[in-house]
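I have placed the structure first, in the form of structure tokens, so that the comments after it can refer back to it.
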Amino acid sequence: MAEVAETMSCTRANRRLRGLRRHRRLASLIATVAAVPLLTGMGHSTAQEAPQQRTGEVGTGDRTATVSITDVDPVLPTADGDVTISGTITNEGDSAIVDSSVAARQGVPLGNRSAVDDAMSRTGFDSAVDGLIVRDHGQDIGEIAPGMSSTFSLEVPVSELALGEDGVYQLGVTLIGQTETARWDDNLGIGRTLLSWQPDGQDGSAAQTGLTVMWPLISGTHLTAQTGSDAVQTPVFRDDTLLDEISPGGRLYEMVSLGADLPVTWVIDPDLLASVDAMLEQYQVPGDNGELVNGTGQDEARAFLSELQEAVTGDEVVALPFADPDLASLAHRGVDVQGALGQLRTATDTAAITIETVLNTEIRVNNRVAWPVNGAIDPDIVSVATSAGANQVIARSDSLRNGDSLPYTTTAARPIGGGTTAVVADARLSTLFEGDMSSTGRASLAGQALLAQTLAIHQQEPTLERSIVMAPQRMPTADQAEAMASALTTLRDEAGWVRFMDLSEAAAAEPDPAANQRVPSADAYPQELRDQELPTSAFQSMRETKRTLDDFTVILSEPDRVTVPFGNAIHREMSTSWRGTHQSAADFRSRVLGEITGLTEQVHLIPKADITLSGRSATIPVTVQNNLVQDVQGLELRLQSSRRLGLEISEAQAVLIGSGHSQSVKFSTTANANGPVSLTAQLYTADGQRYGEPMQFQVDVTSITPQVMMVIAGGLLLVVLAGIRMYTQRKRAAARQDDDGDGEDDGGAGQDGESTAERPDTTGSASPGETTADIGAGSSGGSAGSEKVDPGT
């Protein structure tokens, strides 16, 4: 039975081998015929057209398998050595793959960068441009069920790959086999990679190409404007995602750990460092039920900053403006909003200080660099960037294009006027590691592409010294960071054609006079990026928050407790990280404005009920409450009347209130008329700006009330009646005295020898009906009427 099984196995193997040989002969014949005009005279000048000279797909089958090349070892093989090509095969069809084998294909020269792009973008199989199968170095795969995968590893002599001159080659692996539903040999799939070929090393007469790699440490917005009321102002975070990023295995942790051993220029958002620094002591995050709970990331934050300090020592650090503001949004949507440009300037000025303070180490900080999203620029973006003090703008070659007429990649530095240098990052290099890098095959291909693209650039003009820049995505994932780090390590260790340099050195390089130095127009700005920008309403909200903040801080005894967290929060509202998350951005802005408004309302007037004033003068108290944790000063309270002639009020009163206390301010008033009067109490800052909401109440002025008038009238009546009674009584008394005096005069006349008739008339004649006695009484009464009455009676 064993012999029979062995015989059957040999028979199947022979059938596969015969089928494979038939396929090789057919493919070789077709490829030879198609490749003769293609390869004859192929050099750097003609290879660009190679991918377009296709004869159509031959033996393509159903494309039921995905062939992924995960490793090529060594990445720079020698002429007399071998190269090992490893990978995986995945059956994407509905039928099992049977009687299959894989084989490498000969290298296809790619004479320039466009040819490299074409090779990597093709998905179908074309024998005319995919090379001949390498004989006798295949590997049997056997059966692969639908959805299942199998691995392979091919060891191929370099001499079998038909590599010629130094340069970049396409290297392919083909799966030949059958399916259960199609029992004939066919090409079921092909995988491609790039092979950089320089067996004799760097030519001594060639100049190395300078390469700058920007290594971004940027995150989203984590800190809020809210802080605790304690002395240290415990910070409050939006969530706990920053802890995930800086913990082992997290995105930022990997960026720092990997970047420490790489020749890179660090590009850091100072807000990230400020946020991690805020985690060193007590901080708070929202819990599961929405209530604030204490954060637990102190150890991770301390370890992250310590490792970062060590990683950047000796390297150049580019400090982006605080919170990485969206320059394009500001230029297109916010430049006309008052104060928006001022916020950018402040964010730029505080960048280097923040980094130096948090890292606490000697580093070379370049804080005059602007980095618009994807390096896309137009005149407005450049104008906004330079207005904040930037003299270097990171652009990208798909924005500031050279045109197709220039046959080589120019150096990165380009003067664009006004003393500003556009540092143009290479678009191909900068986008190599975007997308899903969790797949080993994709990561490997991206690494091979980095080697290939830099070698292709170098070979364009080997004797011309140039510098190029790689500016990857702002926030690479951990997988993307790992793929980049692996590729850069290989490039540093294996590629003799590259010399790494700092960004400042690249910016200072001698510009290529043939390079385009004209900033593209606003119409050329990508619509896709424009659609992601912050709306104008966002900048208007920032202005309102800033105005409220300025009005509030002038009354505080410790304004830094408010200006620092809220000033930083306004910067965060402009962050590039909000792109694509407009609702989250709007929620954050609303929260910041609501929090500062809520603080201003902690200093307010206590409502007052309507009152009545009796009398011409009175005192009206108004109470101001301060619920803040710091003293309030520089306020004055004014009380204004709706009837200026009805009620006069004293001048404004100064207000100075301790934290958690209230102050009663008293105003003296003088009433000039009766009736209701509306009064308005309003707080003002020292510069005459209204503070808070006014408080209104009504005063009913009754300077002489009816009751008082009745009392006064009754008193006067009593006085008058008392006077009349006194006068009557005295008049009667005088009359009686006159009667008694007449009898005495008769007797006395005989004694004096003078009669009444003989007495001279000294009072004048009597009026008709008036007797002498009446006149005498009147005279006596007149004497009595001349007496003073005690006004106190």
Side-chain angles (χ1 to χ4, degrees), residues 117 212-214 216 218 265 267 269 318 320-321 323-335 340-341 344 347-348 368-388 390-404 406 409-418 420-435 468-476 480 503 506-507 515-536 538-539 574-582 585:
D117 294 340
T212 298
V213 179
M214 296 170 59
I218 302 172
T265 293
V267 181
D269 175 10
V318 169
L320 296 175
D324 187 22
D326 192 336
L327 301 178
S329 294
L330 180 57
H332 298 154
R333 312 290 181 94
V335 69
L341 286 179
L344 176 61
T348 301
R368 295 302 174 186
V369 176
W371 188 15
V373 175
N374 289 2
I377 62 173
D378 62 20
D380 294 332
I381 295 175
V382 173
S383 176
V384 164
T386 55
S387 69
N391 54 24
Q392 299 170 22
V393 179
I394 307 300
R396 211 165 72 178
S397 59
D398 53 354
S399 178
L400 193 57
R401 300 175 181 271
N402 276 327
D404 298 332
L406 205 58
T409 301
T410 60
T411 198
R414 302 187 202 175
I416 54 176
T420 304
T421 299
V423 183
V424 183
D426 186 85
R428 289 184 175 100
L429 299 184
S430 300
T431 57
L432 277 177
F433 298 91
E434 294 180 353
I468 55 178
V469 173
M470 174 180 169
Q473 56 274 30
R474 268 177 155 75
M475 290 188 280
Q480 291 170 342
L503 182 65
N516 176 28
Q517 301 175 8
R518 185 174 181 178
V519 177
S521 67
D523 293 338
Y525 190 81
Q527 187 62 41
E528 179 183 1
L529 295 181
R530 195 181 294 273
D531 292 340
Q532 298 174 359
E533 293 174 351
L534 296 172
T536 301
F539 295 95
M574 299 172 59
S575 176
T576 303
S577 65
W578 294 119
R579 281 186 171 244
T581 58
H582 285 182

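In what follows, every heavy atom counts, from backbone to side chain, and hydrogens, waters and symmetry copies are set aside.
Proximity of Thr421 to Asn391: side-chain heavy atoms (C-beta onward) are nowhere separated by under 4.5 Å. Counting heavy atoms from C-beta on, the side chains of Met214 and Val318 never come closer than 4.5 Å. At least one side-chain heavy atom of Ile381 sits under 4.5 Å from a side-chain heavy atom of Tyr525. Side chains of Met574 and Ser329 form no contact here, defined as non-hydrogen atoms less than 4.5 Å apart. Put simply, the side chain of Leu344 reaches to within 4.5 Å of the side chain of Leu327, judged on heavy atoms. Contact of the Trp371 side chain with the Pro216 side chain is registered, since non-hydrogen atoms from C-beta on lie closer than 4.5 Å. Within the 4.5 Å cutoff, side-chain heavy atoms of Met475 are placed close to those of Ser577. Taking the side chain as every heavy atom from C-beta outward, Leu534 and Arg333 never approach each other to under 4.5 Å.
The one candidate from Thr420, Asn402, Asn516 that meets the side-chain hydrogen bond (donor to acceptor under 3.5 Å, both in side chains) condition with Arg414 is Asn402.
Around CG of Asp531, the count of heavy atoms belonging to other residues, nucleotides or ligands within 6.0 Å exceeds 12. Within a 6.0 Å sphere centred on CD of Glu528, other residues, nucleotides and ligands contribute 12 heavy atoms or fewer.
When all heavy atoms are compared, the tightest approach of Pro379 to Ala522 is CD-N, 4.1 Å. When all heavy atoms of Ile394 and Val369 are compared, the pair lying nearest together is CG1-CG1, 3.7 Å. Summarising the geometry of Ala340 relative to Phe539, their closest heavy-atom pair is CB-CD2, 4.3 Å, with the distance given to 0.1 Å. Considering all non-hydrogen atoms of both residues, Ser397 and Ala427 come closest at OG-N, 2.8 Å. When every heavy atom of Ala390 is checked against every heavy atom of Ala370, the shortest pair comes out as CB-CB, 3.9 Å. Contact between Arg368 and Ala388 at its shortest, heavy atoms only, is NH1-O, 3.5 Å.
In this structure, Arg579 contributes its side chain and Leu529 its backbone to a donor-acceptor pair below 3.5 Å. Using modelled atom types, one side-chain atom of Thr576 and one backbone atom of Asp324 make a donor-acceptor pair closer than 3.5 Å. Looking at Gln480, its side chain does come within 3.5 Å of a backbone N or O of Gly435 through a donor-acceptor pair. No donor-acceptor pair under 3.5 Å is formed between the side chain of Ser430 and the backbone N or O of Ala425.
Ion pairing of Arg428 with Asp426 is absent here, as no side-chain N (NZ or NE/NH1/NH2) approaches a carboxylate O to less than 4.0 Å.
Rounding to the nearest 0.5 Å gives a distance of 10.0 Å between OG of Ser383 and CG of Asp378. Distance CD/Gln392 to CD1/Ile416: 11.0 Å, rounded to 0.5 Å. Going from atom CG of Asn374 over to atom CZ of Arg396 covers 4.5 Å, rounded to the nearest 0.5 Å.
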